[in-house]
Amino acid sequence: MSPCRLLVFLLLGICTALGLPAESKLTALEYQHLEIEQDGQNAKLDLCLFDPSAIKLRVMDNINHLGLPRTQKLAYAMSKGTYVAGVNGGFYAVSAYTPYGQQISNGVRTEAFIPDNWMKGVIQVKDDQLSLIHRDDFEDSESITQLLQSGPWLIYDGKIPGEGLGKDRYHTRSFIAYGRDGRWLIGICDTASLLGLAEILQSDAVREHIDIERALNLDGGPSSGFWMRKPGGGIVNIPEISTVRNYIGLYR
């Protein structure tokens, strides 16, 4: 065996022994548009699937130093810099544009962490690692650079929660999730109840593309918006109606 082939063989053996992938096969960025019948209605989903080792997440504060919105629309915010996709963020008080729960944007903290309400999910980037954790597992740290509280959980550890999801109010819904294969997604559904959306995300049509481990609801209704540069060219823009406090932006 040549020295080069021997080295490759040894490296593959080390990766196997440590449980490490020899080569990542995840697609960096993928767009999917799905139409799924749910409760007699045709729900439309737009999904941005991404590999968090190649695509990074940023919480974008939409308020400037004067306390006014920086921009009225997600699409304008996403057109700046190297953003590849974005969705509206967490809940907020409409009158004052203050986040409901804690917001950390590029290390800048706004409002306090809420430990005991219906927002049981936390999106965070800590030590450059993206995670979606339960509120009860949250541990504060100066190394957290991005954070949003939101809720309710749509899927938690592969299952639909037994409480907190109604089936009587249909709205546009936006969400963030990750799958068993290591990929993440942000997405929007044009009309669904919370329970209906959870069921959609566990449907065979979605599982054909990603088997979701955890999914968290974001601010919905008129706040929901979605924007993406498709890898093959073109832009998907589903504009929100309301001016929102923050966005979730994905960038290279």
Side-chain angles (χ1 to χ4, degrees), residues 19 21 23-57 84-88 120-124 129-134 137 148 150-220 224-232 234 236 238 248 250:
E23 181 180 351
S24 174
K25 296 183 179 180
L26 297 181
T27 303
L29 194 68
E30 178 183 340
Y31 169 70
Q32 291 291 340
H33 174 80
L34 306 174
E35 297 192 16
I36 301 172
E37 186 175 341
Q38 175 71 17
D39 294 334
Q41 298 192 46
N42 189 34
K44 299 177 182 178
L45 270 73
D46 290 87
L47 307 176
C48 170
L49 297 92
F50 64 99
D51 176 359
S53 68
I55 306 295
K56 303 302 179 183
L57 179 146
V84 295
V87 70
N88 66 289
K120 296 183 178 181
V122 179
I123 308 157
Q124 70 173 20
Q129 296 295 312
L130 175 61
S131 59
L132 187 56
I133 63 173
H134 196 283
D137 297 326
L148 276 180
S150 194
W153 288 106
L154 300 167
I155 299 175
Y156 190 80
D157 291 351
K159 299 179 180 179
I160 297 175
E163 58 182 19
L165 300 179
K167 205 167 186 177
D168 56 338
R169 299 174 63 185
Y170 281 74
H171 295 292
T172 305
R173 308 279 182 186
S174 51
F175 47 90
I176 184 169
Y178 70 82
R180 298 182 190 276
D181 63 357
R183 289 184 302 165
W184 284 66
L185 69 84
I186 55 173
I188 191 169
C189 179
D190 69 334
T191 180
S193 64
L194 285 169
L195 181 57
L197 177 56
E199 293 171 345
I200 287 171
L201 294 179
Q202 283 205 323
S203 68
D204 290 340
V206 172
R207 280 180 168 166
E208 183 179 341
H209 303 282
I210 185 170
D211 188 2
I212 294 176
E213 178 73 9
R214 290 186 183 182
L216 186 68
N217 180 64
L218 299 171
D219 192 6
S224 289
F226 178 90
W227 183 96
M228 181 178 178
R229 298 183 195 273
K230 294 194 292 185
V236 180
I238 303 173
I248 292 174
L250 305 181

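Residues I133 and Q124 meet the side-chain proximity criterion, which asks for heavy atoms closer than 4.5 Å. Put simply, the side chain of L49 does not reach to within 4.5 Å of the side chain of L29, judged on heavy atoms.
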- Task: Carefully, step by step, assess T27 and D51 under the rule side chain to side chain contact (heavy atoms under 4.5 Å, CB included).
- Result: CA-CA 6 Å; T27 303; D51 176 359; over 6 Å; no
- Could you go through the side-chain hydrogen bond (donor to acceptor under 3.5 Å, both in side chains) check for N42 and E37 one step at a time? CA-CA 4 Å; N42 189 34; E37 186 175 341; over 6 Å; no
- Carefully, step by step, assess V236 and F226 under the rule side chain to side chain contact (heavy atoms under 4.5 Å, CB included). CA-CA 8 Å; V236 180; F226 178 90; 4.1 Å; yes
- Message: Run the side chain to side chain contact (heavy atoms under 4.5 Å, CB included) test on D46 and I238 for me, step by step, so that the C-alpha distance in whole Å, both residues' side-chain angles and the decisive distance to 0.1 Å come before the verdict.
- Response: CA-CA 9 Å; D46 290 87; I238 303 173; 3.3 Å; yes
- Task: I would like to know whether C48 and L250 meet side chain to side chain contact (heavy atoms under 4.5 Å, CB included); could you show each step before the answer?
- Result: CA-CA 10 Å; C48 170; L250 305 181; 3.8 Å; yes
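Note that CH2 of W153 is 14.0 Å distant from CG of L194, once rounded to the nearest 0.5 Å. Taking CG from L216 and NZ from K120, the interatomic distance works out to 12.0 Å, rounded to the nearest 0.5 Å. In this structure, I212 CD1 and I200 CD1 are separated by 11.0 Å, a value rounded to the nearest 0.5 Å. Once rounded to the nearest 0.5 Å, the distance linking OH of Y178 with CG of L132 reads 6.5 Å. The distance from atom NZ of K230 to atom CD of Q32, rounded to the nearest 0.5 Å, is 11.0 Å. To the nearest 0.5 angstrom, L201 atom CG is 8.0 Å from I36 atom CD1.
Residues forming a side chain to side chain donor-acceptor pair (under 3.5 Å) with E208 (at least two apart in sequence, or on another chain): none. For D137, the side-chain contact (heavy atoms from CB on, under 4.5 Å) partners are H134, Y156, not counting sequence neighbours. Legend: residues meeting side-chain contact (heavy atoms from CB on, under 4.5 Å) with S174, ordered by chain and number and at least two apart, are V87, N88, L218, S224. With sequence neighbours excluded, the residues satisfying salt bridge (charged side-chain N to carboxylate O under 4.0 Å, His left out) with D157 are R214. Annotation: side-chain contact (heavy atoms from CB on, under 4.5 Å) contacts of K159 (sequence neighbours excluded): none. A search for side chain to side chain donor-acceptor pair (under 3.5 Å) contacts involving N217 returns nothing, not counting sequence neighbours.
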Can you give the donor-acceptor pairs under 3.5 Å from side chains of residues 182-193 to other protein atoms, not counting sequence neighbours?
from, atom 1, to, atom 2, distance (Å)
R183, NE, D181, OD2, 2.8
R183, NH1, E30, OE1, 3.0
R183, NH2, D181, OD2, 3.2
R183, NH2, H209, O, 2.3
D190, OD1, K44, N, 2.8
S193, OG, G196, N, 2.9

Compile the donor-acceptor pairs under 3.5 Å between side chains in residues 162-171 and protein atoms, sequence neighbours left out, one pair per line.
from, atom 1, to, atom 2, distance (Å)
K167, NZ, E199, OE1, 3.4
Y170, OH, D39, OD2, 2.9

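With Q202 contributing its side chain and G158 its backbone, the two residues share a donor-acceptor pair below 3.5 Å.
Scanning all heavy atoms of the two residues, the minimum distance from F175 to L154 falls at CB-CD1, 3.9 Å.
Screening residues 170-180 for salt bridge (Lys or Arg N to Asp or Glu O under 4.0 Å) gives R180-D211, R180-E213 as the qualifying pairs, with residues at least two apart or on separate chains.
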